[in-house]
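One structure below.
Below, each value reflects all heavy atoms present in this structure, side chains not excepted, and no hydrogens, waters or symmetry copies. All values reported here derive from a predicted model rather than from experimental measurement. Residue numbers begin at 1 in each chain, while the letters A, B, ... track the order of the sequences.
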Number of protein chains: 2
Amino acid sequence: MNKSKQPTIIDVASEAGVSIATVSNVINRRKVPMAPETIRKVEEAVVRLGYRRNVMATNLSRRRSYELGLIIPHFGGYYGRFAENLEQKVHHFGYHLSIFSAAGMDPEIEQRHLEHLLQRRVDGLVSHGLAMSMHSTQQLVGEGTPLVIFNGWGWPNEIVKMAVNLDFAKASSEAVQHFLENGCRSVIYAGRSKGMGANEQRIQGFMTGLSDRIESTVHALLDAGELGIEGTLDEALRLSGDLRPIGIYTFNDALALELLALCHERGISVPGEIQLIGMDNEFFSKSSYPSITSFEMPVDLQTSLVAAFLMRQIGEELDEENTQLLEEYLPRVTGHELFIDLEMIVRKSSGK
Amino acid sequence: MNKSKQPTIIDVASEAGVSIATVSNVINRRKVPMAPETIRKVEEAVVRLGYRRNVMATNLSRRRSYELGLIIPHFGGYYGRFAENLEQKVHHFGYHLSIFSAAGMDPEIEQRHLEHLLQRRVDGLVSHGLAMSMHSTQQLVGEGTPLVIFNGWGWPNEIVKMAVNLDFAKASSEAVQHFLENGCRSVIYAGRSKGMGANEQRIQGFMTGLSDRIESTVHALLDAGELGIEGTLDEALRLSGDLRPIGIYTFNDALALELLALCHERGISVPGEIQLIGMDNEFFSKSSYPSITSFEMPVDLQTSLVAAFLMRQIGEELDEENTQLLEEYLPRVTGHELFIDLEMIVRKSSGK
DNA sequence: CTGTTAGCGCCTTCAA
DNA sequence: TTGAAGGCGCTAACAG
């Protein structure tokens, strides 16, 4: 055996009394016809030596890394679930997923991670709508590496081949309509400008939801990131005068929960005076008091689509299931953006 | 996939009119003396060609992967924060972190991930207290790869060089004492047997906290995983008779929140009739109604220690800061287990 | 069916 | 200071 501790394919070959090519063959290329006796000998040698193939050498030789990169803003809530889920999906295709958090939405960190991933020669990239400029992205990724975006809007096709988005606009519209049906006389959107595209989509849907009642209904777009949680509530109350109930649609459940806590503190009745709708359907939304109306995120579907599109771009064979999935959703692609519906989960905070 | 278009070190060499060894030298900024002129030529060629070093080739040649593996039960809450945090830490040492979720605590999945990580020739491993048998772990990891555990108890030194643990026992003891000081006449631990070692540590601390009042105080250890959330509350109420208030210490904040929701539903006053203490200090614990008393997890400190110990084992030079950190905590190591204190954050659910 | 051999892209002595 | 050459462990033609 070699001087280094870990046995190599050479050790296995000599142990089994065959050539290294044969060992390589039985290890991965089962298509080549081989004598069962040879296979047995090799497999036994592998076990006896505790041989473990070296992925670095394999991939260098194959000229593919079989690695995919994922960039998300952080590991919490939805993004964490997304990452965990995607890892499973791509594993089925034989790929490894390298996950990076961009520390919120820091363009520089994004860039650093991207560069690193490219040095690793990842075969494909998945990212949330980047905060870094499209120009930098273009330069970094170039034409080389397939890139699929999720929850990113307005990216040119030259950079991003496909964007798999949750339809926040539609959901937001539904939220507003839900408020109006519930008799809300004032509706507020408490957003986060740092949410970038996702925030803009919500604003757009919010306004659409108001539609013909846009004149007759008090409404406003607030930035909770800027106003702070107290400021947001104050402003909502001020703008609404004595109109009740007020419907506040928040950027996410976390924000809704914080507003709820503040309402408790001030003795404001939810849903009596204020109704709340969040987004993400986090664990705590069901168990908070009162429970918070929210939108369920179809993470599983989204990661399936992301994986399927990416695999197709890379040139991987898709199985029956994934082919069908793509065929089903392809018609729903506009340009290169796909929209997935969200389901509203109505709970106590919106008066049910 | 025109991967062939990616420039190599050879392209850079000929572009700069030097040998590949020289290029390698300037890229790695070795101690080898070099003419400033040569450095400039090479650096210019690198930029001009858009050269990006191939990590696979580099690491194969170096016979180190500069990659570390992390196995966690899932990406949510504490574990997600841990992963994100550790990634940052090891990055400073020039290491890449590959993160895997073991889908709860599935031994088979753990094993699969471990095997994969070993095939990638990771230079070190970090894992939560594994659910898989010590025997399997021993066989897989052998003597080869440094392994640091976090929140794992009772692992033999031959397998695990260091365990960096949160002191759940001590915290649990404090929780019980807090209940007793608050006048609780019955104290219950609502645990999760699936929590393995972490659960056992809590039980141990729970009993310790009772100490001399163990005879005079109604107490019980419940398994919320088995009884379900309703069953747990029912049982707590039944065991306590009309003793009030009841102190329920839960395995984590999520469980506390669910119990809280149930109390609301049934009109049971918290903290009047039931007091609650959780663990993890999740985001929602502060904003729930009432807010939940919990323990803050010192993730940052824990990952720092994990990283420092692992780096030392790998033979990496530690900087001043990390050396100091180790020196500070080394005295607190028992055997090869280190304990980190948790801080109780007292909130409304425990009567404050 | 099995073996030979030329790479994959980079690092690292050792000479020059 | 720089360059030539021999690996690192494995894959994939191409012979035999």
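Fit an axis to the five pairs at each end of the helix from C:dC1-D:dG16 to C:dA16-D:dT1 and the two axes sit 40° apart, to the nearest 10 degrees.
Both B:Ile20 and B:Leu60 lie near DNA chain D, and the one whose nearest nucleotide falls closer to the 5' end is B:Ile20.
Ion pairing of A:Glu316 with A:Arg64 is present here, as a side-chain N (NZ or NE/NH1/NH2) and a carboxylate O approach within less than 4.0 Å. Between A:Glu115 and A:Arg120 there is no salt bridge, since no side-chain N of the basic residue sits under 4.0 Å from a carboxylate O of the acidic one. A salt bridge does not link B:Glu43 with B:Arg40: every distance from a Lys NZ or Arg NE/NH1/NH2 to an Asp or Glu carboxylate oxygen is 4.0 Å or more.
For A:Ser61, no side-chain nitrogen or oxygen approaches OP1 or OP2 of D:dG9 to under 4.0 Å. Neither OP1 nor OP2 of C:dC8 sits under 4.0 Å from any side-chain N or O of A:Arg121. Remark: B:Tyr66 is not in phosphate contact with C:dC10, judged by side-chain N or O atoms under 4.0 Å from OP1 or OP2. Contact between the side-chain N/O atoms of B:Ser19 and the OP1/OP2 oxygens of D:dA4 is not found at any separation under 4.0 Å. At the phosphate of D:dG7, neither OP1 nor OP2 sits under 4.0 Å from any side-chain N or O atom of B:Arg63. Side-chain nitrogen and oxygen atoms of A:Asn59 include none within less than 4.0 Å of the OP1 or OP2 phosphate oxygen of D:dC10.
Remark: A:Arg63 CZ to B:Gln6 CD distance equals 12.5 Å, nearest 0.5 Å. With values rounded to the nearest 0.5 angstrom, B:Leu310 atom CG is found 13.5 Å from B:Lys89 atom NZ.
When the nucleotides C:dC1, D:dT11, C:dC10 are ranked by their closest atom to the side chain of A:Thr38, C:dC1 comes out on top. Listed nucleotides C:dT2, D:dT2, C:dC11 differ in distance to B:Ser24; the shortest reach to its side chain belongs to C:dC11. Taking the side chain of B:Thr22 as heavy atoms from C-beta on, and the options D:dC10, C:dC10, D:dG3, the nearest nucleotide is D:dG3.
At a threshold of 4.0 angstrom between heavy atoms, the contacts of B:Ile10 with the nucleic acid are absent. Across all strands shown, A:Ala21 has heavy atoms under 4.0 Å from base atoms, whether or not it also approaches the sugar-phosphate. Using a 4.0 Å heavy-atom criterion, one finds that B:Val18 contacts the sugar-phosphate atoms exclusively.
Residues meeting the salt bridge (Lys or Arg N to Asp or Glu O under 4.0 Å) test with B:Asp11, sequence neighbours left out: none.
Residues B:Arg121 and A:Arg53 share a closest heavy-atom pair of NH1-O, 3.5 Å.
Interface remark: the A:Thr58 side chain does not form any donor-acceptor pair with the D:dG9 base, using a distance-only criterion of under 3.5 Å.
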